[in-house]
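Order of the sequence lines sets the chain letters (A, B, ...), proteins ahead of strands, with each chain counted from 1. In what follows, every heavy atom counts, from backbone to side chain, and hydrogens, waters and symmetry copies are set aside. On a predicted model such as this, the values are computed, not experimentally measured, just so you know.
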Amino acid sequence: MSETDPFSAPPPRPGGLAARAAAQPAAGYLAGLNPEQRQAVEATDGPVLVLAGAGTGKTRVLTTRIGHLISTSRAYPSQILAVTFTNKAAREMKERVAHLVGPVAEGMPWLGTFHSISAKLLRRHAELLDLRSDFTILDTDDQIRLMKQVIQAENIDEKRWPGRMLAGFIDSWKNRGLAPKDVPAGEAAVFAHGKGGKLYAAYQERLKALNAVDFGDLLLHCLTLFRDYPDVLQTYHDRFRYILVDEYQDTNTAQYLWLRLLAQGRRNICCVGDDDQSIYGWRGAEVDNILRFEHDFPGATVIRLERNYRSTGHILATASKLIARNEGRLGKTLRTEDALGEKVTITGAWDSQEEARLISDEIEAMQAKGQDLGQVAVLVRISAQMREIEERFVQAGVPYRVIGGPRFYERAEIRDALAYLRCVVSATDDLAFERIVNVPKRGLGDATVQLLHNHARATGFSLMQSARAAVESDELKPKARTALRELVDAFGRWSTRAEHMPQGELAELVLEESGYTEMWKKDRSADAAGRLENLKELVRSLDEFPDLPSFLEHVSLVMDVADGEAEARASIMTLHAAKGLEFDTVFLPGWEEGLFPNQRALDESGRAGLEEERRLAHVGLTRARKKLKLYFASNRRIHGLWQTSLPSRFIDELPEEHVEVEQAASSYSQGGYGASRFDRMESFGSSYNTPGWQRAQENRAKNSGGGSGFSESGRGFGQGGFGNSSRQRGPLMIEGELTAKSSGESAYGTGARVFHVKFGPGSVASVDGNKLTVDFDKAGRKMVLDSFVQKAG
DNA sequence: ATGCGGAGCTTTTTT
DNA sequence: AGCTCCGCAT
């Protein structure tokens with residue numbers, strides 16, 4: 001940045017008159033923009049919709065706009081609300097703004113995802129929503145477990161009405177901004193013979209009792225907050241002078257309402273999006289939000305960014321032609337000043353294995369020419385396509401990486417480890433406690449957990465507190481009692497040490513002493529080593545945070561671990577995961593009817609589904625800068641069965657003058673374009689005696705046996721601090737409040753006759769808080785918890 | 001309490 | 001075909 005850089009000026013004064021003195025003659029940061037981009041940056045006031053086609057410099061506009069607002073003193077960084085969908089997008093935007101305006105950008109506390117900003121708002125105003133500000137944020141797993149409990153409590157057949165199905169319904173209601181009371185009766189009735197609404201309400205009750213929210217709640221509770229407390233909303237109207245929204249086409253109804261409430265104040269809202277890249281309809285995104293923008297914000301300025309800076313001519317023309325088939329769109333015409341470049345190629349393969357081989361051959365050739373494989377991507381419609389491609393890459397020695405896949409923080413071992421840490425931090429985190437109470441196995445099964453639950457319900461204690469109480473009584477069998485006591489004592493110990501110990505070290509201690517790492521070391525399965533490696537990685541990343549609670553907040557929202565080095569490896573990912581990325585060379589396998597467009601999308605959403613699939617195709621095509629290669633296979637194994645397939649209709653929709661049909665090297669079919677260009681494919685279809693089929697069979701036989709060479713061996717786990725065996729068993733000290741005095745004195749006096757489910761009738765010999773010593777008629781003297789006895793009567 | 005085997009599913013994915 | 005979940009048997 002030069003010394004004339006406007007951003008290096010001292011923090012601007014909002015509303016300063018000088019600032020309003022418009023258009024400093026082309027401030028440096030405006031210079032590189034084309035006229036539309038510049039307009040999008042400078043149209044600061046009032047509602048603005050920027051329709052930014054693929055590769056038209058959307059992010060640049062957004063970041064420059066933020067810079068512009070700051071440098072012209074229209075707003076302090078802290079007065080700008082900038083919302084994205086993913087943490088990655090937020091991170092990138094933060095970096096780019098920082099690059100533009102310098103350290104001032106660190107004061108952009110309101111740049112983040114819908115969810116993280118919502119969480120921040122909720123923590124501030126938790127008490128208004130009947131939450132404590134240290135509420136936990138549940139992930140999908142927790143959610144479903146909770147749903148199951150709710151379903152069980154209602155005595156509904158879990159088989160017919162599974163938890164994940166209810167989770168789906170509730171999620172979609174939340175996506176639409178509907179609280180239990182708002183769900184239309186007809187819709188609430190579709191689940192479990194009319195119980196849907198009731199279950200939703202019950203689930204929300206459970207969440208409240210746990211001081212927890214799920215992802216949908218983050219948004220939903222904000223809506224409640226804004227609507228029920230206008231004064232609170234007003235403070236945010238005052239604060240947020242400007243609102244910016246990225247990927248507006250992906251907003252769902254709840255997010256739309258959230259934005260609308262916040263934008264009501266000053267109406268300075270700028271949404272950037274591309275209706276042609278809306279590919280998340282299936283999870284509640286409403287393309288309508290973008291199509292309706294002008295209606296919702298009368299007088300809105302609409303700016304189209306149509307100059308593409310990414311792809312060469314043939315590629316862009318191909319993508320444009322395809323997307324033009326869609327009816328529900330605002331319409332943009334992308335143009336480029338780039339050369340035509342190479343034509344887009346379409347290659348038919350006999351089967352998916354040949355397809356994979358063609359791709360790997362091509363990449364090997366590129367590798368041989370010294371091209372950067374980091375600039376190569378294979379984009380598939382469904383994850384299941386990845387396997388064959390990976391197998392082939394392994395075989396051919398093509399270095400690759402899979403993007404997406406199971407996320408680090410979603411892996412079982414990581415979630416277990418986190419559950420331990422959550423229990424250390426909070427003795428009231430029941431979900432976490434339940435998750436690890438018997439992991440590793442310590443003989444604390446359903447019976448024990450059930451008992452703790454009963455006690456917890458009766459007393460209002462958490463499970464951990466109940467456990468503390470239970471080990472002081474004779475409720476449990478000696479074995480279970482000892483095991484539980486060890487666990488409870490251990491947590492007491494860890495919580496104490498947590499105060500003085502770096503969290504990484506603490507985590508190691510906890511994982512070691514709990515026997516958790518031991519469990520995986522004993523595990524003989526192939527992925528055990530990887531899991532230990534992951535745990536090690538977790539401990540490492542822990543140290544990057546100031547303390548344990550802030551780490552836990554981070555993981556519940558930012559389920560995302562920075563995707564390290566951009567090595568020279570080809571990327572394999574789904575089309576969805578590819579949105580927002582670009583590569584010099586893009587391979588698009590699997591362009592077949594049924595797979596892409598996906599049959600299920602068609603069945604479920606009809607024409608809208610087809611259009612979304614087409615947008616997905618468009619996203620795929622526009623990821624490529626220079627080289628774009630499409631493939632389809634005539635035979636593909638789906639759910640283990642070989643099925644013949646026809647080329648995708650999308651292939652027929654591509655402009656002939658920009659594409660080129662390649663013959664697979666091994667192809668035995670002749671003939672080029674016919675009336676339908678892929679008539680030639682018929683020569684494959686019917687016969688199972690073709691060489692290709694036989695080859696396919698052979699390959700299949702060959703491949704089915706051998707182990708894949710994936711797992712790199714020698715991932716030792718010994719050297720680290722985790723190592724060795726002997727669990728030190730320090731003095732078992734237990735913190736105070738073992739017997740919670742909060743519950744007051746027991747309702748039973750000495751001499752009272754009581755009945756216990758397990759021990760039968762007896763007389764109370766003495767009372768100590770909520771613990772009773774009872775002389776049972778049959779079982780003799782036992783210490784029991786008062787919540788487990790009834791007045792004998 | 002645990003471990004095995006059968007049954008049922010299986011697009012896309014963020015937070 | 002392959003994975004996960006559930007129920008049953010040990």
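- The salt bridge (charged side-chain N to carboxylate O under 4.0 Å, His left out) test applied to A/Arg636 returns A/Glu355, A/Glu592, not counting sequence neighbours.
- In this structure, CD1 of A/Ile137 is placed 13 Å from P of B/dT15, rounded to the nearest angstrom.
- Taking a 6.0 Å sphere around CG of A/Asp603, one finds it holds more than 12 heavy atoms contributed by other residues, nucleotides or ligands.
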Exercise for review: May I have the step-by-step check of side-chain contact (heavy atoms from CB on, under 4.5 Å) for A/Leu218 and A/Phe114, ending in yes or no?
Suggested key: CA-CA 9 Å; A/Leu218 291 172; A/Phe114 277 104; over 6 Å; no
Short heteroatom pairs, N/O only, protein and nucleotides 9-13 of chain B, under 3.5 Å:
{"from": "B/dT11", "atom 1": "OP1", "to": "A/Arg600", "atom 2": "NE", "distance (Å)": "3.4"}
{"from": "B/dT11", "atom 1": "OP1", "to": "A/Arg600", "atom 2": "NH1", "distance (Å)": "2.0"}
{"from": "B/dT11", "atom 1": "OP1", "to": "A/Arg600", "atom 2": "NH2", "distance (Å)": "3.1"}
{"from": "B/dT11", "atom 1": "OP2", "to": "A/Arg600", "atom 2": "NH1", "distance (Å)": "3.0"}
{"from": "B/dT11", "atom 1": "O2", "to": "A/Arg381", "atom 2": "NH1", "distance (Å)": "3.3"}
{"from": "B/dT11", "atom 1": "O2", "to": "A/Arg381", "atom 2": "NH2", "distance (Å)": "2.4"}
{"from": "B/dT11", "atom 1": "O4", "to": "A/Glu604", "atom 2": "OE1", "distance (Å)": "3.1"}
{"from": "B/dT12", "atom 1": "OP1", "to": "A/Ser383", "atom 2": "N", "distance (Å)": "2.7"}
{"from": "B/dT12", "atom 1": "OP1", "to": "A/Ser383", "atom 2": "OG", "distance (Å)": "2.7"}
{"from": "B/dT12", "atom 1": "O4'", "to": "A/Arg381", "atom 2": "NH1", "distance (Å)": "3.1"}
{"from": "B/dT12", "atom 1": "O2", "to": "A/Trp282", "atom 2": "NE1", "distance (Å)": "3.2"}
{"from": "B/dT12", "atom 1": "O2", "to": "A/Arg381", "atom 2": "NH2", "distance (Å)": "3.1"}
{"from": "B/dT13", "atom 1": "OP1", "to": "A/Thr574", "atom 2": "OG1", "distance (Å)": "2.3"}

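- Among the protein residues, A/Asp250 comes within range of no part of the nucleic acid, since none of its heavy atoms lies under 4.0 Å from any strand.
- The phosphate of B/dT15 (OP1 or OP2) has no side-chain N or O of A/Asn175 nearer than 4.0 angstrom.
- Taking atom CG of A/Leu218 as the reference point, atom C1' of B/dT15 lies 8 Å away to the nearest angstrom.
- Contact check on A/Lys174 versus A/Asp214 returns a salt bridge, with a Lys/Arg side-chain nitrogen under 4.0 Å from an Asp/Glu carboxylate oxygen.
- Per the geometry, NE2 belonging to A/His115 stands 4 Å off C1' belonging to B/dT15, to the nearest Å.
- With respect to the salt-bridge test (charged N to carboxylate O, under 4.0 angstrom), the residues A/Arg123 and A/Glu553 qualify.
- Within the nucleic acid shown, A/Asp214 has no heavy atom closer than 4.0 Å to any nucleic acid atom.
- Atom CD in A/Glu391 sits roughly 12 Å away from atom C1' in C/dA1 (whole-Å rounding).
- At B/dT15, one or more side-chain N or O atoms of A/Asn87 fall inside 4.0 Å of OP1 or OP2 (strictly under the cut-off).
- At whole-Å resolution of the value, CH2 in A/Trp161 and P in B/dG8 are 17 Å apart.
- For A/His115 and A/Phe85, the ring centers are positioned 6.0 Å apart or more.
- Checked for salt-bridge contact, A/Asp474 and A/Arg481 meet the test: a charged N lies under 4.0 Å from a carboxylate O.
- A/Lys579 places its NZ atom 14 Å from the C1' atom of B/dT15, with the value rounded to the nearest Å.
- Whole-Å rounding puts the A/Leu641 CG to C/dG2 C1' distance at 13 Å.
- Checked for salt-bridge contact, A/Arg614 and A/Glu653 meet the test: a charged N lies under 4.0 Å from a carboxylate O.
- Under a cut-off of 6.0 angstrom, the local environment of NZ in A/Lys758 is crowded, with over 12 non-hydrogen atoms contributed by other residues, nucleotides or ligands.
- If you measure from atom CD of A/Glu388 to atom C1' of C/dA1, you get 12 Å, rounded to the nearest angstrom.
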Between the protein and nucleotides 7-10 of chain C, list the N/O to N/O atom pairs that are separated by less than 3.5 angstrom.
none

